[in-house]
Amino acid sequence: MMLGVLLARAGVEVCVLEKHADFLRDFRGDTVHPSTLEVLHEMGVLDAFLERPHQEVRVLRGRVGTRELTLADFSHLPTRCRFIAFMPQWDFLDFLAAEGRRHPGFHLAMETEVVDLVQSGDRVVGFRALQRGREVELFADLSIGADGRGSVVRARAGLPRRELGAPIDVLWLRLPKADGDPSVPLGRVVPGRVFITLDRGDYWQCAFVIAKGGLDTMKARGLPAFRDEIVRAAPELRDRVGALDDWDDVKLLTVKVDRLERWWRDGLLCIGDAAHAMSPIGGVGINLAIQDAVAAANRLAIPLGSGSVTAGDLDAVQRRRAWPTRVTQAVQVLLQDQVIRRVLDQDRDQPLHVPLPLRALDRWPRLRRLPARLIGLGARPEHLRQKG
């Protein structure tokens with residue numbers, strides 16, 4: 001969506017395909033990072049975006065065992081917005097769609113699901129899609145695969161992929177809010193459990209981290225035992241867990257971390273999770289996808305305007321974004337393997353020791369700027385060449 005808007009602003013005719021009738025998906029995240037807010041500022045739409053309901057988080061706090069720690073401070077970032085905005089992604093997508101419609105070259109096709117590529121020899125010349133049950137073919141000078149970690153586009157394109165692995169999955173659920181609840185997201189770590197709450201205004205969106213493939217074991221123990229595990233990690237939610245009265249209220253997010261070895265073919269480019277599926281750690285997947293979109297728009301707008309996109313142009317986008325992707329995934333894999341998995345494997349009766357790096361972040365405020373920069377800006381943040 002972001003790439004479509006940016007290209008339309010540059011005078012390129014573009015059509016964005018969305019397989020659903022709306023954007024209301026549970027697994028679309030909430031975090032709009034400072035780097036993304038900076039892009040919105042460069043587009044000239046930041047003020048309008050911030051008029052929409054959202055929460056602003058300037059520090060990240062976590063609880064390890066019984067100790068509450070401050071882990072990241074965004075107030076020193078060299079950006080206009082020194083906070084993470086929490087806004088349901090469907091609202092963000094609605095905002096971008098409305099911005100796109102301001103430009104005559106922008107088109108949005110809802111209920112249009114890509115099922116295959118259209119090829120002429122070795123070149124991709126468009127997509128074959130189901131549009132409200134009817135098969136259609138859409139042709140373009142350049143086709144973009146931005147259809148997420150289960151990308152049909154990259155599968156049909158046969159692009160080589162490297163699997164990095166993930167030892168965790170996430171159970172996604174919501175619990176009611178109450179007066180007096182803390183106003184900042186809070187990650188809670190106890191022996192054997194990691195539990196995270198995201199503020200969505202009138203309820204908490206919660207992530208319960210489990211070992212890979214552990215849902216069946218959790219279900220076998222029963223829903224009351226699952227509620228007890230939530231209370232063990234977050235005792236303050238004891239009076240709320242009764243809202244979970246069926247396993248249908250708990251959704252599984254299968255975590256995967258991978259990346260394409262090559263993001264493109266002649267006539268086709270993959271970006272976002274279609275090019276590099278990210279772990280939910282840090283909520284940075286959205287950030288990486290937006291940065292891909294900005295880099296792609298910067299490089300491709302002029303060639304697309306003249307109808308002369310080359311393999312070198314597509315390769316340049318990958319080369320621009322490959323290093324930030326590798327750095328971010330390396331950090332995520334390290335945290336998954338060396339921190340989260342060890343917590344999940346720990347016996348619940350063993351004492352939980354706060355790791356030295358976390359103690360250092362809590363003790364020396366200046367150190368909190370590093371995780372804030374990694375989460376809020378990432379490696380090599382992108383800026384628009386064409387400002388609003």
Side-chain angles (χ1 to χ4, degrees), residues 1-18 32-33 35-46 48-49 92-93 95-109 114 117-118 123-127 138-147 153-154 157 260 262-276 286-325 377-388:
M1 186 72 79
M2 176 64 84
L3 179 55
V5 173
L6 294 179
L7 290 176
R9 281 164 41 98
V12 177
E13 188 164 5
V14 59
C15 183
V16 178
L17 311 181
E18 164 62 48
V32 184
H33 292 73
S35 60
T36 301
L37 296 170
E38 194 73 6
V39 171
L40 294 173
H41 168 63
E42 293 170 352
M43 293 170 64
V45 300
L46 177 62
F49 175 80
F92 189 13
L93 288 166
F95 176 83
L96 290 177
E99 174 61 22
R101 294 187 186 102
R102 297 178 56 243
H103 305 282
F106 179 88
H107 310 280
L108 175 59
V114 172
L117 309 179
V118 180
R123 178 177 174 80
V124 177
V125 296
F127 290 137
L138 301 101
F139 297 91
D141 293 330
L142 178 64
S143 302
I144 304 289
D147 51 339
V153 172
R154 75 178 184 185
L260 295 179
R262 193 174 75 175
W263 299 15
W264 58 274
R265 279 180 50 185
D266 191 14
L268 173 71
L269 174 69
C270 288
I271 62 172
D273 270 6
H276 45 73
I286 299 170
N287 183 46
L288 266 288
I290 294 292
Q291 299 298 301
D292 289 354
V294 174
N298 285 342
R299 177 70 190 205
L300 301 176
I302 292 177
L304 281 170
S306 61
S308 60
V309 176
T310 67
D313 293 320
L314 303 181
D315 188 56
V317 176
Q318 177 177 347
R319 284 188 285 106
R320 174 72 186 178
R321 296 304 306 158
W323 179 76
T325 298
L377 297 182
R380 189 188 287 159
E382 304 288 344
H383 297 278
L384 292 182
R385 291 180 184 170
Q386 180 194 29
K387 303 296 178 67

Contact check, side chains of L300 and L142, non-hydrogen atoms, under 4.5 Å: yes

Set of residues satisfying side-chain contact (heavy atoms from CB on, under 4.5 Å) with respect to A48, sequence neighbours excluded: F95

Listed partners of D313 passing salt bridge (Lys or Arg N to Asp or Glu O under 4.0 Å), at least two apart: R299

Under the side-chain hydrogen bond (donor to acceptor under 3.5 Å, both in side chains) test, residues paired with W264 that sit two or more places apart: D315

R262: partners by salt bridge (Lys or Arg N to Asp or Glu O under 4.0 Å), with sequence neighbours left out: none

Any donor-acceptor pair under 3.5 Å from D273 side chain to A289 backbone: no

Those residues that, when tested against A157, pass side-chain contact (heavy atoms from CB on, under 4.5 Å) (two or more places apart): L117, L159, R265, L268

All ring-ring contact (aromatic ring centres under 6.0 Å, His included) counterparts of F92, not counting sequence neighbours: F49

Residues that R380 engages under salt bridge (Lys or Arg N to Asp or Glu O under 4.0 Å), provided they are two or more places apart: none

Flag if over 12 foreign heavy atoms under 6.0 Å of CG, L138: yes

By side-chain hydrogen bond (donor to acceptor under 3.5 Å, both in side chains) - contacts of H276 (at least two apart): D292

Any residue meeting salt bridge (Lys or Arg N to Asp or Glu O under 4.0 Å) with R154, in chain and number order, not counting sequence neighbours: D258

Partner set under side-chain contact (heavy atoms from CB on, under 4.5 Å) for A295, not counting sequence neighbours: R320, R321, E382

side-chain contact (heavy atoms from CB on, under 4.5 Å) partners for V12, two or more places apart: L7, L304

